[in-house]
2 protein chains.
Amino acid sequence: MRTSQFFFTTLKEAPADAEVVSQKMMLRAGYIKRAAAGIYTWMPLGLRVLRKVENIVREEMNNAGALELLMPAVQPAELWQESGRWEQYGPELLRFKDRHQREFVIGPTHEEVITDAVRRDVKSYRQLPIHLYQIQTKFRDEIRPRFGVMRGREFLMKDGYSFHTSFEDLKREYGNMYATYSRIFSRLGLRFRAVAADTGSIGGTGSHEFHVLADSGEDDIAFCPASDYAANVELAEALAPANPRAAATNTMKKIATPGKMACSDVAEFLNVSLENIVKAIAVVGEPDDGNKTFALLLLRGDHELNEIKASKIAGLTNLRLALESEVEEYLACKPGYIGPVAVDGKKVAIFADRTVAAMSDFVCGANEAGFHLSGVNFGRDLPEPEVFDLRNVVAGDPSPDGKGKLEICRGIEVGHIFQLRQKYAAALNCAYLDENGKSQIMEMGCYGIGVSRIVGSAIEQGNDERGIVLPTAIAPFEVCIVPMGYHKSEAVKTAADELYAQLKTAGIDVVLDDRNERPGVMFADMELIGIPHRVVIGERGLKEGQLEYKGRQEAEATMISQADILTTLKAKLCAA
Amino acid sequence: MRTSQFFFTTLKEAPADAEVVSQKMMLRAGYIKRAAAGIYTWMPLGLRVLRKVENIVREEMNNAGALELLMPAVQPAELWQESGRWEQYGPELLRFKDRHQREFVIGPTHEEVITDAVRRDVKSYRQLPIHLYQIQTKFRDEIRPRFGVMRGREFLMKDGYSFHTSFEDLKREYGNMYATYSRIFSRLGLRFRAVAADTGSIGGTGSHEFHVLADSGEDDIAFCPASDYAANVELAEALAPANPRAAATNTMKKIATPGKMACSDVAEFLNVSLENIVKAIAVVGEPDDGNKTFALLLLRGDHELNEIKASKIAGLTNLRLALESEVEEYLACKPGYIGPVAVDGKKVAIFADRTVAAMSDFVCGANEAGFHLSGVNFGRDLPEPEVFDLRNVVAGDPSPDGKGKLEICRGIEVGHIFQLRQKYAAALNCAYLDENGKSQIMEMGCYGIGVSRIVGSAIEQGNDERGIVLPTAIAPFEVCIVPMGYHKSEAVKTAADELYAQLKTAGIDVVLDDRNERPGVMFADMELIGIPHRVVIGERGLKEGQLEYKGRQEAEATMISQADILTTLKAKLCAA
């Protein structure tokens, strides 16, 4: 492609209302154009990137044995009523009536449509398993669309749905998709993590999210650089300390700590580390059986309570923090000075985090306003507690897979795989006849990739002060040729045209900047739009048969002989 | 692809509500599945065909210099209000409100969105011309969706829009698109015609429709088999007869024709041919200036009046048939016996069709109830008339390009190119600065192809009692291998697997029917779904190194040696 024949429009500044870097840069580079809030036109430059992402996704899905189909954007309300989601879904489900006053939705997802198709076509176990997917435009009426294509209203998704005769076979395909998604994001050239996710309201039992790592991500992810372990911080397991509890060396003392209620204040006042302090968090579990439990959760002073983990303790279902009145009722003490010593074990349950269980000679509240205890030890000053994993992991914690230490990063969710089991198949009676001629409900998995969102998140991950930095696999062009004086020097023009033809013949996705612009403008544009490899052709170099090569992220250019340029570029593209 | 790994579901019978052959066959073959009225899922088999069409369209558009982009399906109402179409469009424009009560449409077309994008990005004549297109899902809320994908509500279209600094440049691109569309439909393997079309309400000045020829088409097309001339019957020019008017041989006589008012009755009664009768049609033109014209239009007895042509005669604007009272007022005669002889030329205008002007010794009404005249001749019995092309062409008429005789056929519109001129550009103030720094409104063209409709119309054109007959370029698979006893004979299985691998390696789009079905079932399925080339592998043939080849439309199979099969298939595919 020549820039003179392309629709090439870069902006000096992004619109004022652009919030995140990918949105600003995509607008500046002419990747996208806003049509309405959360609704964008993909301009020719951006569409090249979107299609490259789409094609990699499609190739890998096909290689994995999934079959592509295309479901409609507009879906009849009846199917949503049948699944129950017509009522469950909020206003982000766009509903409308057609000219005959029949109700429809613009699909944000296609579980109902695909399940309806499969129940009509699949009769026998011999037709299973089947995995059908599409790459299709979806609409979700976000209350506050933002971040450009990262949280738009109209967006492109790959959504796949698999159907099985058994949970075992669903798990096999789930594993197949886990591997396929890993291949896809690797081929896209992105730094990513597959993260064990809380399945939340989707109703399935197994689920992984795929996150592109970027500082601007909305999710905290704990991962192990030495292995492929990764999980949302809320779900990552905090192992017990490797070293056993040290023996007690101090006696327990009551110390006046007037006005010192926060752990950090107590630590400073007593001149001890936060790691020597045990904080007690009073909570109440209210299981549906009505048996209320008041409990103290013990955590090390610098650790954070993980409510998801705590709520899994028997009796602590529907966990909430205790009210001040409840604290006074059960402990006869105001909050701020409460602690686990000398507590009535019949009224108050005590659960210690694994880290706390390994502490000795620690400081904790005295259950008396204005006082703390020091030199406290389990088994001597208070009973041995029940021990659970109660906290969020922190950087430096051992990885649960035993392969190193955890780090914490931020990620952008771009893929999600679910074991839906029979949620939709049961609601829509999607059944087959088994080997014995008996009707059985299918097992079902679903697998999504946010195709347009990947473009935004790739730019969140890859950018610098000059613009977009994309992996070669999804850059709008792989190589740009920038001639210095295309319209002035016959030698430069000839060399540029010849190199352009040569690279095209070699199958390289190349753009020749043949605009009559100053070199600075052309360099800035090619950097802004994210071309990973640049060849500059100038008269001086040509006299010695030399061209200038520079990678998008390299500080310095290097001179390469005209004879070697193709080989050099091919090597760079292969390595990318 | 192996059928065992494909989602392959054919039906014995089409649903009862399917109306046309393509709809029935697409449902039976498992190409599509109905999701709601006029809304379909493209199943894996049908999607293969749709994508092949889409890819050919995309390749040729790119080769023609157009640039692909992707506009949103959901469009803000403001743009439609600005162009005036918010009011002009009927209920087939689907309008809805989002959760913030802002109005939107699901786009049936994208003139507004593209013109808005271009007016924001294009500032200078140096950025023009530009041609932007997309292949995108559209929605039109048809009051009565029918014929499957031929007139659905949700459908896939290629729509392109070009912007120019001059009408001349628009015409150049229009010619480029005319040639490009011709290439596209040729590559698709369809019999088609480019047809000069009435631009109607779209507001442009030049327009061609591209029709796939099929008996079930809704439009009548006149075309010349010996050239590329084609036009809607309403617009095709009827030339004057090649032979000059013969000399008068009879004298004019008044003949009683009681109760014979229709031409066919008169011809039978007088025992003359319809080609000897001139019928006079009384019409009234009511131009906006208020000067009413009463006229007799003279046509040969077997010809049909073309009102579009007649209404272009000065004075006959807003043409309508004359009322009985007007006929009596101007001719003092009841309709049925009116004619051009002895008429007051000051009150009644007489316009003769070209064919009539070349007639002599003809029969016409006598302007007296119950009587006709015979042996009538222009210049003797009545003045020479003004002559126009007033009739619809009929089969056998000379082609207007002088290259043969016209035939009439039916067509399905699958493409349409328009010279929109400044209709939208002016409404949305889509302007650029010319060489002199003066602001000018752009000239605009638009170019549509009904991508999903092409699949339906290709099947309307290509089908037989056994199912779908598609050109190789868009068939779901190019070749099928049908082994006789894949699950019983090791030799057959080996030969089938080897041939399958061989064809795949050669880049042939092949399907191996490895289902454990009877040969009859496999043959019927492969014919139903429209695979153009079939290779049957059986034990008996293998013993002699022979395979059986049969083209989808061939009556008999031929035996081909295993050594030659690849060469033979390649030749067939090249020829297709």
Side-chain angles (χ1 to χ4, degrees), chain A residues 1 5-9 30 33 35-37 39-48 50-51 65 67-76 78-79 90-92 94-100 102 104 106 113-114 116-118 120-122 127 130 132 134 136-137 139 141-143 153-154 156, chain B residues 1 5-9 30 33 35-37 39-48 50-51 65 67-76 78-79 90-92 94-100 102 104 106 113-114 116-118 120-122 127 130 132 134 136-137 139 141-143 153-154 156:
Chain A
M1 187 59 73
Q5 287 163 19
F6 199 69
F7 193 51
F8 193 76
T9 53
K33 187 168 285 295
I39 299 176
Y40 291 87
T41 290
W42 287 82
M43 299 301 286
L45 195 68
L47 186 62
R48 294 180 73 89
L50 188 71
R51 290 273 190 251
L67 295 170
E68 190 176 2
L69 85 174
L70 181 62
M71 290 180 270
V74 172
Q75 308 177 7
E78 290 81 5
L79 287 176
E92 66 272 16
L94 196 129
R95 301 152 211 251
F96 68 86
K97 288 181 180 170
D98 74 358
R99 64 193 290 168
H100 301 300
R102 282 185 296 246
F104 288 86
I106 310 185
V113 176
I114 192 74
D116 177 55
V118 167
R120 285 150 69 192
D121 267 351
V122 173
Q127 293 169 275
I130 185 79
L132 299 162
Q134 62 176 351
Q136 189 261 359
T137 299
F139 195 90
D141 201 0
E142 294 275 358
I143 189 163
R153 293 200 281 181
E154 187 170 324
L156 193 66
Chain B
M1 186 63 69
Q5 287 161 19
F6 199 69
F7 193 53
F8 193 77
T9 52
K33 186 166 288 291
I39 299 177
Y40 291 87
T41 290
W42 287 82
M43 299 301 285
L45 195 68
L47 186 63
R48 294 182 72 89
L50 188 71
R51 290 270 189 253
L67 295 171
E68 188 175 4
L69 84 174
L70 182 62
M71 290 181 271
V74 172
Q75 307 177 7
E78 290 81 7
L79 287 175
E92 66 272 16
L94 196 127
R95 300 153 214 248
F96 68 85
K97 288 181 180 170
D98 74 0
R99 63 192 294 167
H100 301 299
R102 283 185 296 246
F104 288 86
I106 310 187
V113 175
I114 193 73
D116 176 55
V118 168
R120 286 152 68 191
D121 266 351
V122 174
Q127 293 170 277
I130 184 80
L132 299 163
Q134 63 177 350
Q136 190 260 0
T137 300
F139 194 90
D141 201 3
E142 295 275 358
I143 189 162
R153 293 200 281 179
E154 185 170 324
L156 194 65

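Protein chains get the first letters and strands the later ones, always in sequence-line order, with residue 1 at the start of each.
- Only the side chain of B:F104 comes within contact range of chain A, with at least one heavy atom under 4.5 Å from a heavy atom of that chain.
- Annotation: the span from A:L156 atom CG to B:L70 atom CG amounts to 7.5 Å, rounded to 0.5 Å.
- Ring orientation note: the planes of A:F96 and B:F139 are nearly perpendicular, at an angle over 60° on the 30°/60° scale.
- Residue A:V113 touches chain B through its side chain alone, counting heavy-atom pairs closer than 4.5 Å.
- Atom CD1 of A:I106 and atom CD1 of B:I106 lie 3.5 Å apart (nearest 0.5 Å).
- Comparing A:M71, A:M1, A:E68 by how many heavy-atom pairs each has under 4.5 Å with chain B, the most go to A:E68.
- Here the side chains of B:D121 and A:M43 are in contact, with some heavy-atom distance below 4.5 Å.
- Only the side chain of A:R51 comes within less than 4.5 Å of a heavy atom in chain B; its backbone stays farther off.
- A donor-acceptor contact shorter than 3.5 Å links the side chain of A:E154 to the backbone of B:A73.
- Atom CD1 of B:I143 sits about 5.5 Å away from atom NE2 of A:H100, to the nearest 0.5 Å.
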Begin from the C-alpha positions of A:D98 and B:R153 and carry the test side chain to side chain contact (heavy atoms under 4.5 Å, CB included) through to its verdict.
CA-CA 11 Å; A:D98 74 358; B:R153 293 200 281 179; 2.8 Å; yes

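- Of all the listed residues (A:Q127, A:R120, A:Q136, A:Q75), the one sharing the greatest number of non-hydrogen pairs under 4.5 Å with chain B is A:R120.
- When A:G30, A:G46, A:P76, A:G65 are compared by the number of non-hydrogen pairs under 4.5 Å with chain B, A:P76 comes out ahead.
- The minimum heavy-atom distance linking A:F7 with B:L67 is given by the pair N-CD1, 3.2 Å.
- For the set B:A37, B:A35, B:P72, the entry with the most heavy-atom pairs within less than 4.5 Å of chain A is B:P72.
- Proximity to chain A is absent for every atom of B:I114, based on heavy atoms less than 4.5 angstrom apart.
- With a threshold of 4.5 angstrom between heavy atoms, A:L45 does not approach chain B through any atom at all.
- Atom-to-atom distance recorded for A:R48:CZ and B:L69:CG is 13.5 Å, nearest 0.5 angstrom.
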